Amino acid sequence: MGIKNFLQHYYGGQEYHVGFTKFSFASKRIVLDAAGLLFSCAMQHSASYMECVYTTSLQAFQRQLIYLNNTLRWDMVVVFDGSDSRLRHHKRRRRDLSRSVTTARPPDRI
């Protein structure tokens, strides 16, 4: 998942830490997986999240989307898991193929 051989395009060896604001995505349409952003917002507010107070995490999620759209001028399509998006057809095709191979295989004997 993601960009293959991403680090080889940047100097610094095996690791390179850079904020996503350094990339110029203003002229491109970005498909944003909501699960990753929601998870990072839940991690930032983990104490309240563990107490089943999800409002702070959702507010951080909303603020981040507004920041990406208004300040950085990202043209985003936010994809939530469970939605059938044509932009994620390659993942659906891979999963369907994997599922068909798994169901066609005879069960292992114990």
Side-chain angles (χ1 to χ4, degrees):
M1 181 163 64
I3 302 171
K4 296 190 184 305
N5 301 321
F6 181 73
L7 289 176
Q8 76 181 5
H9 300 289
Y10 295 93
Y11 56 89
Q14 298 297 318
E15 287 187 36
Y16 190 71
H17 301 281
V18 63
F20 61 88
T21 57
K22 302 291 183 197
F23 297 105
S24 177
F25 292 134
S27 62
K28 300 175 186 173
R29 173 158 283 190
I30 302 297
V31 180
L32 181 69
D33 185 11
L37 184 56
L38 278 168
F39 180 76
S40 68
C41 292
M43 291 298 294
Q44 291 171 5
H45 303 282
S46 59
S48 61
Y49 191 86
M50 293 301 290
E51 294 175 359
C52 298
V53 178
Y54 306 121
T55 308
T56 52
S57 299
L58 291 173
Q59 288 171 339
F61 175 74
Q62 181 183 20
R63 281 192 306 271
Q64 190 68 30
L65 288 178
I66 291 170
Y67 172 74
L68 293 173
N69 186 260
N70 292 346
T71 305
L72 298 182
R73 301 287 185 208
W74 285 18
D75 181 18
M76 296 180 298
V77 175
V78 182
V79 178
F80 290 86
D81 285 344
S83 63
D84 191 23
S85 172
R86 60 180 167 72
L87 299 171
R88 295 179 57 136
H89 63 84
H90 60 284
K91 288 186 178 185
R92 189 178 333 109
R93 188 179 318 127
R94 179 179 47 81
R95 289 178 186 145
D96 289 345
L97 179 64
S98 176
R99 190 177 304 117
S100 68
V101 169
T102 303
T103 56
R105 191 175 30 200
D108 294 333
R109 303 254 176 184
I110 297 177

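As a basis for the values below, the full set of heavy atoms in this structure was taken, side chains included, without hydrogen atoms, waters or symmetry mates. Everything quoted here is computed from the prediction, not taken from an experiment.
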Novice: May I have the list of side-chain donor-acceptor pairs in residues 41-56 shorter than 3.5 Å, sequence neighbours left out?
Specialist:
{"unit_1": "S48", "atom_1": "OG", "unit_2": "H45", "atom_2": "O", "d": "3.1"}
{"unit_1": "S48", "atom_1": "OG", "unit_2": "T56", "atom_2": "OG1", "d": "2.7"}

Novice: To the closest 0.5 Å, what do you measure between CE (M76) and CG (L65)?
Specialist: 5.0 Å

Novice: Can you name the residues that form a side chain to side chain donor-acceptor pair (under 3.5 Å) with D96, not counting sequence neighbours?
Specialist: R99

Novice: Any chance you could measure T71, atom OG1, to I66, atom CD1, to the nearest 0.5 Å?
Specialist: 9.5 Å

Novice: Atom CD1 of I30 and atom CG of L68: how far apart are they, to the nearest 0.5 Å?
Specialist: 9.5 Å

Novice: So if you build clusters from Ile, Leu, Val, Met, Phe, Trp, Tyr with side-chain heavy-atom gaps below 4.5 Å, do V79 and F39 land together?
Specialist: no

Novice: Scan residues 53-77 for pairs that pass salt bridge (charged side-chain N to carboxylate O under 4.0 Å, His left out), counting only residues two or more places apart or in two chains.
Specialist: R29-D75

Novice: What are the two closest heavy atoms between N69 and W74, and how far apart are they?
Specialist: ND2-O, 3.2 Å

